[in-house]
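Here's the structure we're looking at; comments come further down.
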Amino acid sequence: MSCVEDECSDNDCMGRSKLESYVFSCELSSIVPFYTFQGDEEEDLEHFLELRTVCLGDGAKEESNVVEVTAMNHQGKTVSVPVASLHINCLPMVSLGEFELKAPITIRLKSGTGPVTISGLHLIASEDAETDMSDEDDDELDEEITPIKPAKKKQKQ
């Protein structure tokens, strides 16, 4: 588990955004061809899935295995995208880097019989209660700043 804090000053942290990460893994096959990642239904939490690797498991046949991800785009529409096409002889594993998606997400074995293992991180973002008060503190800090006056120029004689 890891935590990240945002908006920290030298004296004290006014607002915090906490990020927890957990290992994620699922296996797709002809028996279980899809996995849906939902996350919890709590209002103050956001759930993300950061996909890292897609690889063929033991017993994979000499066939093409295509893995597809279905998630929402920026307009709120559901979009399905193939993220990996694996074959035991030439490409048994794909690294997706840090492919991050917001829940809900469905991962599906579009073609092939697998087994295909998808691994990555389950990220949970939450806001501390102090974050709401940080906006008020920012307004107070803005009032305390004095404007900078321009320098006076010397006049030529």
Side-chain angles (χ1 to χ4, degrees), residues 1-139 141:
M1 178 176 75
S2 67
C3 295
V4 176
E5 296 177 355
D6 293 332
E7 300 179 23
C8 287
S9 67
D10 291 337
N11 298 334
D12 192 18
C13 287
M14 292 183 293
R16 295 180 184 183
S17 178
K18 185 178 176 185
L19 183 65
E20 297 178 8
S21 63
Y22 301 93
V23 174
F24 167 82
S25 179
C26 71
E27 184 176 278
L28 306 178
S29 65
S30 57
I31 298 167
V32 182
F34 69 93
Y35 176 84
T36 300
F37 173 79
Q38 292 286 343
D40 294 333
E41 296 296 323
E42 292 185 38
E43 290 180 25
D44 60 337
L45 299 178
E46 287 188 302
H47 293 266
F48 298 90
L49 194 55
E50 186 177 285
L51 302 177
R52 298 266 177 115
T53 60
V54 181
C55 64
L56 290 173
D58 288 337
K61 298 177 183 174
E62 288 192 31
E63 63 184 359
S64 181
N65 289 272
V66 176
V67 177
E68 177 182 76
V69 172
T70 302
M72 294 254 218
N73 68 6
H74 67 285
Q75 297 172 333
K77 295 181 182 178
T78 302
V79 179
S80 295
V81 179
V83 293
S85 180
L86 307 172
H87 196 281
I88 196 71
N89 290 334
C90 62
L91 190 63
M93 182 179 135
V94 171
S95 175
L96 298 175
E98 297 175 3
F99 186 53
E100 189 175 303
L101 299 163
K102 187 175 179 180
I105 303 149
T106 299
I107 306 166
R108 184 169 73 104
L109 185 58
K110 188 171 182 176
S111 69
T113 56
V116 176
T117 301
I118 296 98
S119 63
L121 295 175
H122 173 187
L123 304 173
I124 303 171
S126 63
E127 301 269 336
D128 284 351
E130 296 176 14
T131 303
D132 296 336
M133 297 180 67
S134 68
D135 293 338
E136 295 170 10
D137 293 339
D138 289 344
D139 292 340
L141 290 175

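Note that these values count all heavy atoms, side chains included, but never hydrogens, waters or copies made by symmetry. We number each residue from 1, following the sequence as shown.
Between I107 and C26, the shortest heavy-atom distance links the atoms CD1-SG, 4.4 Å. When all heavy atoms of I88 and K61 are compared, the closest pair comes out as CG2-O, 3.8 Å. Contact detail for R108 and L28: the closest heavy-atom pair is C-CD1, 3.9 Å. Heavy atoms only, all atoms of each residue included: G120 and R52 are closest at CA-CG, 3.7 Å. Pairing each heavy atom of L123 with each of E50, the nearest pair is CD1-OE1, 3.7 Å. When all heavy atoms of G114 and L109 are compared, the pair lying nearest together is N-CD2, 3.8 Å.
Once rounded to the nearest 0.5 Å, the distance linking CG of L51 with CG of L96 reads 6.0 Å. Rounding to the nearest 0.5 Å gives a distance of 13.0 Å between CG of L121 and CZ of F48. Put simply, CG on L45 and CD on E20 are 8.0 Å apart, with the number rounded to the nearest 0.5 Å. Taken to the nearest 0.5 Å, the CD atom of E63 stands 9.0 Å off from the CG atom of L56. Of the inter-residue distances, the one linking T70 atom OG1 with K110 atom NZ reads 9.0 Å to the nearest 0.5 angstrom. Atom OG of S126 is separated from atom NE2 of H47 by 9.5 Å, given to the nearest 0.5 angstrom.
Taking the side chain as every heavy atom from C-beta outward, V81 and V69 never approach each other to under 4.5 Å.
Scored by the side-chain contact (heavy atoms from CB on, under 4.5 Å) test, N73 finds Q75, K77, V79 as partners (sequence neighbours excluded). Residues passing the side-chain contact (heavy atoms from CB on, under 4.5 Å) test with E27, sequence neighbours excluded: P115, T117.
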For residues 29-39, which side-chain donor-acceptor pairs fall under 3.5 Å, sequence neighbours excluded?
from: S29; atom 1: OG; to: I31; atom 2: N; distance (Å): 3.3
from: S29; atom 1: OG; to: V32; atom 2: N; distance (Å): 3.3
from: T36; atom 1: OG1; to: T106; atom 2: OG1; distance (Å): 3.3

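Evaluation of the side-chain hydrogen bond (donor to acceptor under 3.5 Å, both in side chains) test over residues 89-102, restricted to residues two or more places apart or in two chains, returns E46-K102, E62-N89. The salt bridge (charged side-chain N to carboxylate O under 4.0 Å, His left out) contacts involving residues 80-90 comprise nothing, where partners must be two or more places apart or lie in separate chains. Residue pairs meeting the ring pair (Phe, Tyr, Trp, His ring centres under 6.0 Å) criterion with at least one partner in residues 59-118, sequence neighbours excluded, do not occur; the list is empty.
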